Amino acid sequence: MPELPEVETVARGLAPHVRGRRIISVTRSDKALRLPWPDDFAARLEGARIKAIARRAKFLLWRLEGGMSLLSHLGMSGRFTVLPGGGGKARGLGEFYFHPAAAPEPGPHDHLTLVLDDQTRVIYTDPRRFGFFDLLATEAEGRHPMLARLGPEPLGAQFTAAHLASACQGRRAPIKSVLLDQKTVAGLGNIYVCEALFRARISPKRTAASLAPTGRPAVRIGRLVAQIRAVLREAIAAGGSTLRDHAQVSGEAGGFQQHFSVYGRAGEPCEACGRPIRRITQCGRSSFYCPACQR
DNA sequence: CGGGACTCCTGCCAGC
DNA sequence: TGCTGGCAGGAGTCCC
């Protein structure tokens, strides 16, 4: 579920609650997530102070004092919920929670609870268990197998038309799958690729190579880079997109799903030309696009 | 090597 | 109402 804007929303939501706080206790479920829990997971985290929380692609990096990082990924259905230590808004909207007497029982899909030194609780919930946690040296982050081969951040200075053109060069795969490849650019998923291609008026079926014709100005590539950045920025400003699972750490839904032009809208009229949005399957995933506007 | 199919897991929805 | 099949936002592995 969570793509870059959702993970960014979670990172921004967590930061003020966890930055500078010490982890007092760690409780994890016995069920394995996508990766097995690291050895001595709780013992290595307990007592550590959280210096900062960062996002790389769709990963969260919790930087701890002492040179250790906690790497986490939300998979398809993961979410973090913050229960503030001083009492405050709880998991469901409108509920109220007062620590510590009213600490809720973990739900069946709660896999990790961190209690911080101000009694704030951070709970990780993940029904599908495609998420994971890992522990590593902060200085080795760049060499972690999940991070080592990631392409540039789409909102960073290194994601340029020249970079995308070179990634597309000679690729006979559809542009859709090249953009989903985290080695091309890191953090896009199915929703934002569909939306960016619509905005750039590029068909998801077009081969990547055809967007970057050798020796000719790659106008479409420039448009695509600009639209990828725009849709991600707008989605972050809206708190991400909530289809099922994504929530901000407060429990509130994101709002960007209201602004989808094509994703999930098969059969509805295109907002630009009125012809119906089409759904096709590419590399095992749904692509939504307007066959008239996107070429 | 590039690219597609398959896999992990549970929930939800449409259709019968 | 209740079952079944298909589908879901990710990412690694395997095989051609």
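Everything numeric here is computed off the predicted structure, so don't read it as measured data. Every chain is numbered from 1, with letters handed out A, B, ... down the list of sequences.
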S.K.: Give one of base, sugar-phosphate or nothing for A:Tyr192, where a contact means two heavy atoms less than 4.0 Å apart.
M.R.: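 Since no nucleic acid heavy atom lies under 4.0 Å of A:Tyr192, the category is nothing.
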S.K.: State whether the aromatic ring of A:Phe130 stacks on the base of C:dG10, taking stacking to mean ring centres under 5.5 Å apart and ring planes under 30° to each other.
M.R.: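 Stacked: ring centres under 5.5 Å, planes under 30°.
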S.K.: Could A:Glu141 and A:Arg56 be called an ion pair, given the rule that one side-chain N must be under 4.0 Å from one carboxylate O?
M.R.: no
S.K.: Which word best sums up how the rings of A:Tyr263 and A:Phe260 line up, parallel for under 30°, tilted for 30 to 60°, or perpendicular for over 60°?
M.R.: perpendicular
S.K.: Examine B:dC9: is either OP1 or OP2 under 4.0 Å from a nitrogen or oxygen in the side chain of A:Arg34? Give yes or no.
M.R.: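 For A:Arg34, the contact criterion (side-chain N or O under 4.0 Å from OP1 or OP2 of B:dC9) is not met.
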S.K.: With sugar-phosphate meaning primed atoms plus P, OP1 and OP2, does A:Arg129 contact a base, only sugar-phosphate, or nothing at under 4.0 Å between heavy atoms?
M.R.: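 Contact class for A:Arg129: sugar-phosphate only.
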S.K.: Quick one about A:Ser250 and A:Gln248 (side-chain donor to acceptor, distance below 3.5 Å, no hydrogens or angles considered), yes or no?
M.R.: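 No - no donor-acceptor pair under 3.5 Å links their side chains.
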S.K.: Both A:Arg128 and A:Pro145 contact DNA chain C. Taking the nearest nucleotide for each, which residue is further toward the 5' end?
M.R.: A:Arg128
S.K.: With a 6.0 Å cut-off on the ring centroids, do A:Phe80 and A:Trp62 count as close?
M.R.: yes
S.K.: Give the rounded distance in Å between these two atoms: CG of A:Leu33 and C1' of B:dC8.
M.R.: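 After rounding, the reported distance stands at 12 Å.
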S.K.: Just call it for A:Arg279: base, sugar-phosphate, or nothing, with non-hydrogen atoms closer than 4.0 Å on any strand.
M.R.: sugar-phosphate
S.K.: For A:Met146 and for A:Thr242, locate the closest nucleotide of DNA chain C by heavy-atom distance; then report the residue assigned to the nucleotide nearer the 5' terminus.
M.R.: A:Thr242
